[in-house]
Visitor: 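This is the structure I want to talk about, given as structure tokens.
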Amino acid sequence: MDPELPTVRLNLWRADAVVLFDWLMTVDLNAVPISHPAEKQALVDLLSRFEQDTDVISASRGEIDVARQEVARDMGW
């Protein structure tokens, strides 16, 4: 990432990060509906940040399953 570009700091619940990372690793980004190519690039950039700046890349299948349960627990639908 270019250090000259403005950035935003974002704190996520680890379970959310694990679920999002797993989804981004498995989803076909060409099948995700987008209205502008920048949306797809932003998802790729998010995946890259997860890979570079977090430990979620090392989450086991069991950790992913638990994270999914935690995130979905209070959804109400």
Side-chain angles (χ1 to χ4, degrees):
M1 177 182 293
D2 184 345
E4 300 286 321
L5 296 175
T7 60
V8 175
R9 190 158 220 38
L10 175 67
N11 292 315
L12 285 178
W13 181 28
R14 188 172 192 283
D16 281 336
V18 168
V19 169
L20 284 170
F21 177 77
D22 182 60
W23 179 76
L24 286 167
M25 288 296 294
T26 58
V27 72
D28 177 0
L29 290 177
N30 292 318
V32 174
I34 61 168
S35 59
H36 191 279
E39 296 165 354
K40 183 176 175 181
Q41 184 59 51
L43 289 172
V44 171
D45 291 345
L46 178 60
L47 176 60
S48 176
R49 301 307 329 155
F50 279 136
E51 291 175 329
Q52 294 173 12
D53 298 338
T54 73
D55 68 344
V56 297
I57 192 169
S58 64
S60 68
R61 176 53 43 200
E63 289 173 302
I64 294 166
D65 293 340
V66 168
R68 285 178 172 170
Q69 290 173 357
E70 290 175 348
V71 171
R73 180 177 38 230
D74 296 320
M75 287 177 51
W77 54 280

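In this text, all values refer to a predicted model and were calculated from it rather than measured experimentally.
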Visitor: Donor-acceptor pairs are to be reported for all side-chain atoms of residues 8-19 against protein atoms at under 3.5 Å, with residues two or more places apart or in another chain.
Guide:
residue, atom, partner, partner atom, Å
Arg14, NE, Asp55, OD1, 3.4
Arg14, NH2, Asp55, OD1, 3.2
Arg14, NH2, Asp55, OD2, 3.4

Visitor: If a pair satisfies salt bridge (Lys or Arg N to Asp or Glu O under 4.0 Å) and one of its residues is in residues 28-48, list it, with sequence neighbours excluded.
Guide: none
Visitor: Between Ile64 and Val66, is the side chain to side chain contact (heavy atoms under 4.5 Å, CB included) condition met? List the steps.
Guide: CA-CA 5 Å; Ile64 294 166; Val66 168; over 6 Å; no
Visitor: Please determine whether residues Val56 and Trp23 belong to a single hydrophobic cluster, defined as Ile, Leu, Val, Met, Phe, Trp and Tyr linked transitively by side-chain heavy-atom distances below 4.5 Å.
Guide: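 Yes: a chain of side-chain contacts under 4.5 Å links Val56 to Trp23.
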Visitor: Donor-acceptor check, side chain of Ser48 to backbone of Val44, threshold 3.5 angstrom: yes or no?
Guide: no
Visitor: What distance separates Met25 CE from Leu20 CG, expressed to the nearest 0.5 Å?
Guide: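 Spacing of CE (Met25) from CG (Leu20) equals 13.5 Å.
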Visitor: Measure the CZ-CD distance between Arg68 and Glu70 for me, rounded to the nearest 0.5 Å.
Guide: 13.0 Å
Visitor: Would you confirm whether Glu63, through its side chain, and Ser60, through its main-chain N or O, come within 3.5 Å as a donor-acceptor pair?
Guide: yes
Visitor: State the CZ-CD1 distance between Phe21 and Ile57, to the nearest 0.5 angstrom.
Guide: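 So the CZ of Phe21 and the CD1 of Ile57 are separated by 4.5 Å.
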